[in-house]
Every structure is written in structure tokens, then in C-alpha cells.
Amino acid sequence: MPPARSPIPTPPGVRRSIPEDDPPDAPLSGAAAREVQPPVSFEQLDHINGAWNSWLFDRHDQRGLDINDTEARVLESLDTILSSQQSGAALVRRMPGLVPQLLQSLRSDSFSGAALSRTISSDVVLVAAVIRLANSSHQGAANAITSVEHAVILIGQEGLRQLITTVAFRPIIDVNSGFYTRRLAPRLWEHAERCAISARPLAAEMGIEPFDAFLAGLLHNVGLIVSLRLMDQMARGERRLGSDIFLAQLGRDTRRLACSIAREWHFPETVVQALSEQGEMRRGARMSPLGRLLKLTDYLGKVRLLVENELLDESNPELFAGLPPNAAQCYSALAASHEQAAPA
């Protein structure tokens, strides 16, 4: 993998004008229009999403508008989940009941470190993650940190919120995982985690709560990640997924699933709204500030990973043409986040 390059310069004419042939929902002009429109053009999204899906599904041809029997079964299974009373959060395999309880405790300014430590101690994965983070953050200390309560005090409230959410959504990949989980889950998780890390420092200047930006980035791929088990069950070892119409419907359904999981876990409505807005492709469509930030980090995150895997030429000016001024900062953060993202 090639080394991270220096930050891209902000290109001339970085803000994109509104296409005249497809006006927005209500007349807007100037800065007001630019602050509510999607930050990436339809053409850029279409190009990068095509390259991204080809990399994920290892597809070398475009199979048009037909779906095969395996793809139909996957979509039917997803539709059954979405239209039933089945819990979307239950599909996330790590402690679905514990995480909302912990995050609720961390929202309080008067949270109890001792009580939180007792709750964390009930899950060995969280215990290991908390102690590992505390020791890595305080390297050079005379004695290693072995107590959960001591680790909680050192990490602090904000660090714990980020750590707990990351551990909760990180996909589980084991010897029993099928082809699609083994192939796609690490790539989707790396993309989500790096988007979350890079979105956080950009949030405040856009009037967004930084942890909401982190949550949105982390949750962006969760619907697709949890659907990988369905793909493995239906494909039964065959690699027959990836047609255009299948991917379009899969994106729609897994986005709904991500929103459902976010609501079940009582995440902020701004996060749910931003997730739902990611399917909006109309020219001139309005988006929330968090929706715009998520769209930008999603697009640039895909660009960055494709570049790192030598599937895209970073010198192509069309990749960055018309993006908002904070695109250069975002892309630089994505490049730097390769070292910060924890292994899946």
C-alpha cells in the first residue's frame, strides 16, 4: 500500500453551482444554496460508487438490470426483516442490550466511574479494549494499568463513548464466516471507522456535535455489514452477487436497516436523519449539515481506499472538482486516519 500523500490543494472554483435543468426544492442562491445541497456531484458519486462496488464484490462486468435467484433471495430476506417486528439491533452481534445502557450513562455529566466500571466488567471484549486504550494512551507509566476502574478514569467520558461505540459495531469475523463476510466486512469497517475519525474534527466548524459526526460515520455501513451473513447464507459459497439492480436495492434496504438500528439504540435524531439522507441523489436536494458531512466523508473515504489499493489515480482533478473548501482537510484526515483506525 503506498504511503499517505500530502494534503490535496483546494481546487479553483471549489464550490459547485446549482444545475439549471433540475432546480432545488425551493429557490435558493449563493451561500444559502451551497450550505444545504449535497457536497458531491451525481457524476462523481456514480463513478466512485461503481469503482467501489466492483472492488467490494470483485465483479468484472456490468450485468444490467437483471437479478439472479441468489440476489433475489437476499433482497427478500432483507425485506422480511424490515417489514417484521424483528429487532435490527439484534443483528449486531455484540451486546445489543449493554451498549445503549452504557452510552446513556455516559450522556450524564455526573456519571459514576465505579458504576460504569462494573457494567463494562460484564463483557470481556470491552474490558480488554478499555485497558488496552488506557495503557496505549499512557505509555511510559511506571506500572501497567490492569484495573477497569483505573482505566475508565484515565480514558474519560468522551474517550469511553467513542471506544464503546467502536467495539459494539466492529464486525465479528471468525473461521465460520462465509466469503462475503470475510471479503467485505474488513473493507466496510475500515471505511466506516476512518470516516468517523475524520468527520469528528470537521464537525464543530459546521455547527455539528462532534460525537454525532463520529456516530454517523461509524453507523454508515452497519446495515450492509450485518446483511453480509444473509448473503453468505443465500449464496452458499457461490460468488453470484453484484449486479447493478441488486446493489441499488441493497443500498436502499441496508440504509433503512441502519436507520432502524440507530433508532432502536436511541441515537440522536440528527444521526438518523443524516443516515437516511445518504440515498438522496436529486440535483439541488437539501441536506442537513451532518448529512452533508457524512456524504463528503463517505465519498472521499472511498476515494482514499481505492487510491491506497492502487485502483484509482489520485492525480485525476475530476475526483476533487467542485467539492467544498473543507474537502482538502477531510481528505488529509482520512489519509492520516489509517494509523488511528483500530484493526477489526
Side-chain angles (χ1 to χ4, degrees), residues 14-19 22-46 48-49 88 103 107 158 161-162 165 169 191-224 251-303 322-331 333-334:
V14 72
R15 289 190 181 273
R16 184 165 52 89
S17 61
I18 305 172
D22 195 358
D25 298 331
L28 290 170
S29 62
R34 293 191 292 267
E35 289 304 315
V36 298
Q37 291 175 25
V40 187
S41 74
F42 173 85
E43 291 76 16
Q44 288 169 315
L45 288 171
D46 188 54
I48 292 304
N49 284 338
L103 291 178
R107 289 192 188 107
E158 194 64 16
R161 286 207 299 177
Q162 183 168 321
T165 312
F169 286 108
H191 173 256
E193 190 173 16
R194 290 174 70 175
C195 285
I197 292 169
S198 62
R200 190 179 188 117
L202 298 175
E205 64 189 47
M206 298 176 65
I208 300 167
E209 168 61 40
F211 186 65
D212 287 0
F214 180 85
L215 269 181
L218 211 60
L219 276 165
H220 182 45
N221 290 333
V222 71
L224 183 53
R252 176 202 64 196
D253 291 347
T254 56
R255 189 163 43 252
R256 289 173 56 200
L257 185 57
C259 292
S260 171
I261 291 170
R263 288 193 182 96
E264 280 192 67
W265 285 19
H266 307 291
F267 289 158
E269 187 57 35
T270 52
V271 172
V272 178
Q273 179 183 351
L275 292 171
S276 67
E277 289 173 342
Q278 298 312 296
E280 183 56 78
M281 299 288 281
R282 291 179 299 118
R283 289 181 174 86
R286 299 188 183 191
M287 298 184 79
S288 66
L290 182 52
R292 283 174 51 81
L293 179 57
L294 183 57
K295 178 72 79 176
L296 182 65
T297 56
D298 172 55
Y299 170 78
L300 289 176
K302 289 172 180 174
V303 168
L323 299 183
N326 61 351
Q329 181 185 356
C330 181
Y331 192 72
L334 283 161

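Since the model is a prediction, treat every value here as computed from it, not as a measurement. This chain uses plain numbering: 1 for the first residue, then up along the sequence.
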*Asks:* Passes side-chain contact (heavy atoms from CB on, under 4.5 Å), R161 versus L215? Steps please.
*Replies:* CA-CA 10 Å; R161 286 207 299 177; L215 269 181; over 6 Å; no
*Asks:* Give me the atom names and distance for the closest heavy-atom approach of F211 to Q162.
*Replies:*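 For F211 and Q162, the tightest heavy-atom pair comes out as CE1-N, 3.8 Å.
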*Asks:* Nearest heavy-atom pair of P289 and M206: which atoms, and what distance?
*Replies:*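 Result for this residue pair: O-CE, 3.6 Å.
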*Asks:* How far does CD of Q273 sit from CG of D212, to the nearest 0.5 angstrom?
*Replies:*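 Spacing of CD (Q273) from CG (D212) equals 11.5 Å.
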*Asks:* Can you find a side-chain donor-acceptor pair between T270 and E209 that sits under 3.5 Å?
*Replies:*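 Per modelled atom types, T270 and E209 side chains form no pair under 3.5 Å.
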*Asks:* Say whether, by atom type as modelled, one donor and one acceptor occur between the side chain of E277 and the main chain of S288 under 3.5 angstrom.
*Replies:*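 It does hold such a pair.
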*Asks:* Any chance you could measure T297, atom OG1, to I197, atom CD1, to the nearest 0.5 Å?
*Replies:*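 Nearest 0.5 Å value for the OG1-CD1 distance: 12.0 Å.
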*Asks:* Can you tell me how far apart CG (L293) and SG (C195) are? Round to the nearest 0.5 Å.
*Replies:*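 Answer for the CG-SG pair, L293 versus C195, is 9.5 Å.
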*Asks:* In Å and rounded to the nearest 0.5 Å, what is the CG to CZ distance from L275 to R255?
*Replies:*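 Between L275 CG and R255 CZ, I get 9.5 Å after rounding to 0.5 Å.
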*Asks:* Mind running side-chain contact (heavy atoms from CB on, under 4.5 Å) on L296 and N326 for me, showing each step along the way?
*Replies:* CA-CA 9 Å; L296 182 65; N326 61 351; 3.5 Å; yes
*Asks:* Considering all heavy atoms of both residues, which atom of P201 and which atom of S198 are nearest to each other, and what is their separation?
*Replies:*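 Of all heavy-atom pairs spanning P201 and S198, the closest is CD-O, 3.3 Å.
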*Asks:* Taking the side chain from H191 and the backbone from D298, do they hold a donor-acceptor pair closer than 3.5 Å?
*Replies:*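 Such a contact is found between H191 side chain and D298 backbone.
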*Asks:* Taking all non-hydrogen atoms of both residues into account, name the closest pair between L300 and A327 and its distance.
*Replies:*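 Reported closest heavy-atom pair: CD1-O, 3.5 Å.
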*Asks:* Got a second to check how far E269's CD is from S276's OG, nearest 0.5 Å?
*Replies:*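 Taking CD in E269 and OG in S276, the distance rounds to 8.0 Å.
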*Asks:* If you compare all heavy atoms of G291 against all heavy atoms of M287, which two are closest, and at what distance to 0.1 Å?
*Replies:*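 Minimum heavy-atom separation between G291 and M287: O-CE, 3.4 Å.
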*Asks:* Please check: side-chain N/O of R200 versus main-chain N/O of F214, any donor-acceptor pairing under 3.5 Å?
*Replies:*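 Not confirmed, R200 side chain does not pair with F214 backbone.
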*Asks:* Please check if the side chain of D46 supplies one atom and the backbone of F42 the other of a donor-acceptor pair under 3.5 Å.
*Replies:*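 Between the backbone of F42 and the side chain of D46 there is no qualifying donor-acceptor contact (under 3.5 Å).
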*Asks:* Of all the heavy-atom pairs spanning A192 and L218, show the shortest one and how long it is.
*Replies:*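 Scanning both residues completely, I find the closest heavy atoms to be CB-O, 3.9 Å.
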*Asks:* Between L323 and Y331, does the side-chain contact (heavy atoms from CB on, under 4.5 Å) criterion hold? Intermediate values first, please.
*Replies:* CA-CA 11 Å; L323 299 183; Y331 192 72; over 6 Å; no
